[in-house]
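What you are looking at is a predicted structure, and each value in this text was computed from that prediction instead of being measured. All ligand and atom numbering here is 1-based and tracks the order in the structure.
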Amino acid sequence: MRILVIEDTIALAKQLRDTLTAAGHAVDVALDGEQGLHLGETEPYDAAILDLGLPRIDGMTVLRRWREAARTMPVLILTARGSWAEKVDGLNAGADDYLAKPFEMAELVARLQALIRRAHGHAKPQIVCGPLRIDVAEQSVFVHATPVRLTALEFELLSVLAHHLGQPVSKTHLTEHLYHQDFDRDSNTLEVIVSRLRRKLGDGLIETLRGQGYRLAPP
Ligand code: CA
């Protein structure tokens, strides 16, 4: 999944990027509100982490402008510790969840994944498709109850398909949601990842739909 991080404290921004990248996400970082606002308006993100105290344009304004522009991705705001007014204002301005600083990275990752899942209409962290079971929270995959080891990119591609279970997902959509802005895509093209996934999961789960992309459906 592709995540936008807007945080002006460089050490925290870097920690967020590293943690989310290790969790398999593609991450773009903006260090001020102006750049973050622009990225969120123009790039397709699955979720955004938004600090409220930002240079140039504050986080609350960024959030309001996104929502006015009908940008609907889930947004988790980072608030100052103990500031209940910030939390209320943020939720009223269209935030989906909040964390007060300082927070545990594991909690942030769990909350973010729950937001992304719910945005796709899945209340539970497990997605089942025939013999395939994907646990989005644990990042684990089973076929007929046997665990399957996937690389981060393989898991991400499968997750995107699983979030659109039974529906075709275009190659453009996959590309936009799998790779951050500067990713070297050559050796990790979609076709290569899909063929590796088919080898690991077995045939019949991931269909190629001519002109429409790929679809995950029970065989
Ligand atoms: Ca800040």
Inset, instruction - Answer yes or no as to whether an N/O/S atom of Asp8 is found below 3.0 Å from the Ca ion (ligand 1). - result: yes
Legend entry - Result of checking Glu43, Glu176, His180, His177 against Arg2 for side chain to side chain donor-acceptor pair (under 3.5 Å): Glu43
Inset, instruction - Please determine if the Ca ion (ligand 1) has an N/O/S atom from Gly53 lying under 3.0 Å away. - result: yes
Inset, instruction - For residues Val62 and Gly33, report the shortest heavy-atom separation together with the two atoms involved. - result: CG2-O, 3.6 Å
Legend entry - Which N, O or S atom of Asp51 lies nearest to the Ca ion (ligand 1), by name: OD2
Legend entry - Members besides Trp84 in its Ile/Leu/Val/Met/Phe/Trp/Tyr cluster (side-chain heavy atoms under 4.5 Å): Val88
Legend entry - Qualifying residues under side-chain hydrogen bond (donor to acceptor under 3.5 Å, both in side chains), relative to Gln113, sequence neighbours excluded: His25
